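Every value quoted in this text rests on a predicted model; they were computed, and no experiment measured them. These values consider heavy atoms only, across backbone and side chains, with no hydrogens, waters or symmetry-generated copies.
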Amino acid sequence: MQNGFNILNSRTPITVAIVNLPNALTSSLVGIQDVFHIANQFCIGTQEHRFFDIAFVHIDDAVQNFHSSVVLKSQKAELSQTFDIVIIPPIIDESSGIDVPPQLSEWLHHMYEQGSYLCSVCVGAYVLARARLLDNKKATTHWIVEEQMEKEFPLIELDVDKIIIEDQNIITAGGVSAYIDLSLYLVRKFFSIETAYRCANYLVVDAGRTSQKHYKNLAGAYTGEESDLKDLLIWIDRNIHYSITLADLAKQLHVSERTLMRRFVKELGVLPTRYLQNIRVQKAKELIINSNRSFEHITFDVGYEDISSFRRLFKKMTGLSPGEYRNIFMVKQS
């Protein structure tokens with residue numbers, strides 16, 4: 001791989017390839033293009049001779065986007081092409097169904113080796129992962145596929161709490177709408193912070209998102225549907241407003257506390273204490289945005305007695321204070 005330093009310091013147009021893949025979200029494909037065109041027209045200073053030159057590329061001539069009949073003009077991916085930036089968009093599909101044809105893998109490796117910045121958004125990271133381009137690198141993706149990706153690609157240093165991660169000319173973005181964050185990140189990287197700020201203001205979006213912690217469903221990964229712990233998890237959900245101890249859980253399961261911890265780790269991947277924390281914080285999130293109850297009352301509602309301790313836990317796990325969380329996510333009644 002050549003050093004991307006030359007790209008950053010060149011005065012020529014910045015060539016961008018947006019890869020159109022099966023089940024790619026059409027709005028994101030066009031949205032990435034729109035952000036760069038807006039940057040070109042309204043945000044890049046008049047003294048700048050650089051601009052984004054965007055193209056759609058494809059491997060499959062008959063690619064079908066996610067529930068869309070929109071036809072995007074694109075060109076076939078060829079090894080003779082050169083792009084400064086290659087972007088894999090969000091893909092709305094079960095991650096196990098994301099296929100990476102050999103031609104695409106070869107093309108991505110070729111682009112990377114000649115110095116292109118490779119980028120992915122959301123589950124699009126699976127394309128880079130299956131092409132083995134994320135091995136031994138830091139990366140992010142949508143929080144919903146965290147557990148599955150960690151199992152399938154143990155060589156990736158995954159951190160789904162982050163919105164954007166850059167490592168060795170590969171930039172990954174987490175979450176479907178993070179294509180906007182990625183686009184602004186690239187504006188900032190190839191132009192300036194001021195230009196990215198100007199672009200974010202024009203779009204009326206937050207250019208400072210750094211975490212997807214507060215979007216994560218902390219209980220979503222632990223359905224227990226196929227677990228022997230299913231009945232115990234139902235019991236926990238029904239009794240979460242009580243102060244539940246390890247001894248209480250072990251008694252419900254008729255096992256020792258040591259056996260309880262071993263089974264939780266084996267079947268759910270977490271200790272029972274962490275599971276209880278996740279469930280309680282998730283319940284608190286729901287109560288914060290669906291009621292006007294004070295955080296003090298909500299703390300008791302989810303089985304905590306120490307308000308300060310639970311407030312610290314809430315901020316640690318969501319990245320926001322309870323008040324900030326309510327301000328951002330609660331729908332205000334007119």
Side-chain angles (χ1 to χ4, degrees), residues 1-19 28-57 81-90 108 111-122 124-125 127-128 133-134 137-141 156-212:
M1 181 194 73
Q2 299 174 3
N3 196 310
F5 182 82
N6 292 333
I7 300 173
L8 293 175
N9 288 273
S10 171
R11 310 315 299 166
T12 58
I14 303 158
T15 54
V16 181
I18 305 172
V19 186
S28 68
L29 290 162
V30 178
I32 294 168
Q33 181 188 53
D34 285 344
V35 173
F36 288 143
H37 281 319
I38 287 169
N40 285 345
Q41 188 164 348
F42 300 108
C43 305
I44 294 172
T46 57
Q47 301 304 311
E48 279 283 1
H49 300 291
R50 305 195 83 184
F51 60 90
F52 289 103
D53 184 11
I54 306 106
F56 293 109
V57 300
Q81 296 162 333
T82 58
F83 292 102
D84 297 320
I85 302 169
V86 175
I87 301 176
I88 308 295
L108 289 170
M111 292 296 117
Y112 187 60
E113 288 164 6
Q114 68 179 7
S116 302
Y117 282 86
L118 301 189
C119 309
S120 68
V121 184
C122 190
V127 174
L128 299 180
L133 284 158
L134 293 182
K137 294 183 181 69
K138 298 176 183 178
T140 187
T141 185
I156 300 174
E157 191 176 335
L158 201 62
D159 184 358
V160 301
D161 286 346
K162 300 285 180 61
I163 291 285
I164 301 282
I165 291 179
E166 178 176 351
D167 191 355
Q168 300 179 48
N169 279 32
I170 292 184
I171 305 169
T172 52
V176 178
S177 68
Y179 71 84
I180 297 177
D181 302 86
L182 174 65
S183 301
L184 292 172
Y185 182 89
L186 292 169
V187 172
R188 181 168 67 248
K189 186 176 185 68
F190 283 87
F191 290 95
S192 67
I193 294 174
E194 182 184 358
T195 304
Y197 182 72
R198 193 182 305 142
C199 195
N201 285 346
Y202 187 90
L203 293 165
V204 196
V205 297
D206 181 5
R209 292 200 305 174
T210 59
S211 174
Q212 54 177 334

*Asks:* Return the CG to CZ distance between D181 and R188, rounded to the nearest 0.5 Å.
*Replies:*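 Answer for the CG-CZ pair, D181 versus R188, is 9.5 Å.
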*Asks:* Check the pair V176, S28 against side chain to side chain contact (heavy atoms under 4.5 Å, CB included), reporting the backbone distance first and the verdict last.
*Replies:* CA-CA 8 Å; V176 178; S28 68; 5.8 Å; no
*Asks:* I need the minimum non-hydrogen distance between P13 and D53, along with the two atoms involved.
*Replies:*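 Closest approach of P13 to D53: CB-CB, 4.4 Å.
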*Asks:* Look only at the side chain of S116 and the backbone of I85, and say whether a donor-acceptor pair between them is shorter than 3.5 Å.
*Replies:*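 A pair under 3.5 Å: no.
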*Asks:* Output the distance between atom OG (S192) and atom CZ (R198), rounded to the nearest 0.5 Å.
*Replies:*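 Interatomic distance, S192 OG to R198 CZ, rounded to 0.5 Å: 6.5 Å.
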*Asks:* Does F36 have any side-chain contact (heavy atoms from CB on, under 4.5 Å) partners at least two apart in sequence or in another chain, and if so, which?
*Replies:*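 F36 satisfies side-chain contact (heavy atoms from CB on, under 4.5 Å) with V16, I32, F52, I54, I87, S183, L186, V187 only.
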*Asks:* Could you check if a side-chain atom of T82 sits within less than 4.5 angstrom of a side-chain atom of T15, using non-hydrogen atoms only?
*Replies:*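 A side-chain contact under 4.5 Å is absent here.
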*Asks:* Ignoring hydrogens, what is the shortest heavy-atom contact between Y112 and Q168? Give both atom names and the distance.
*Replies:*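 Heavy-atom minimum between the residues: OH-O, 2.6 Å.
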*Asks:* Determine, step by step, whether S120 and V127 satisfy the side chain to side chain contact (heavy atoms under 4.5 Å, CB included) criterion, reporting the C-alpha distance in whole Å, the side-chain angles of both residues, the deciding distance to 0.1 Å, and the verdict.
*Replies:* CA-CA 8 Å; S120 68; V127 174; over 6 Å; no
*Asks:* Between atom CZ of F83 and atom CD1 of I14, what is the distance when rounded to the nearest 0.5 Å?
*Replies:*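 One gets 14.0 Å once the value is rounded to the nearest 0.5 Å.
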*Asks:* Quick one: which of F51, Y185, Y117 gives a ring-ring contact (aromatic ring centres under 6.0 Å, His included) with F190?
*Replies:*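 Of the listed residues F51, Y185, Y117, the ring-ring contact (aromatic ring centres under 6.0 Å, His included) partner of F190 is Y117.
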*Asks:* Check A139 against L134 and note the closest heavy-atom contact, atom names and distance.
*Replies:*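 In this case the closest contact between A139 and L134 is CB-CD1, 4.1 Å.
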*Asks:* Rounded to the nearest 0.5 Å, how far does CD1 of I180 lie from CG of L203?
*Replies:*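 Going from the CG atom of L203 to the CD1 atom of I180 covers 7.0 Å.
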*Asks:* Go through it in stages, so that I can follow the logic: the residues are K162 and K138, the test is side chain to side chain contact (heavy atoms under 4.5 Å, CB included), and I'd like the CA-CA distance, side-chain angles, deciding distance and then a yes or no.
*Replies:* CA-CA 10 Å; K162 300 285 180 61; K138 298 176 183 178; over 6 Å; no
*Asks:* To the nearest 0.5 Å, how far apart are CG in L133 and OG1 in T172?
*Replies:*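 If we round to the nearest 0.5 Å, L133:CG and T172:OG1 are 12.0 Å apart.
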*Asks:* Can you name the closest pair of heavy atoms from M111 and L118 and give their distance?
*Replies:*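 Looking at all heavy atoms of both residues, the closest pair is CB-CD2, 4.2 Å.
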*Asks:* Where do A125 and T140 come nearest, in terms of heavy atoms and distance?
*Replies:*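 Minimum heavy-atom separation between A125 and T140: CB-O, 3.9 Å.
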*Asks:* Report the C-alpha separation of R50 and I44 in whole Å, then their side-chain angles, then the decisive distance to 0.1 Å, and conclude whether the side chain to side chain contact (heavy atoms under 4.5 Å, CB included) test is met.
*Replies:* CA-CA 8 Å; R50 305 195 83 184; I44 294 172; over 6 Å; no
*Asks:* To the nearest 0.5 Å, what is the distance between CD1 on I18 and CG on L29?
*Replies:*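 Atom-to-atom, I18:CD1 and L29:CG are 6.5 Å apart.
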*Asks:* What heavy-atom pair brings C119 and L182 nearest, and what distance separates the two atoms?
*Replies:*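 Scanning both residues completely, I find the closest heavy atoms to be CB-CD2, 3.8 Å.
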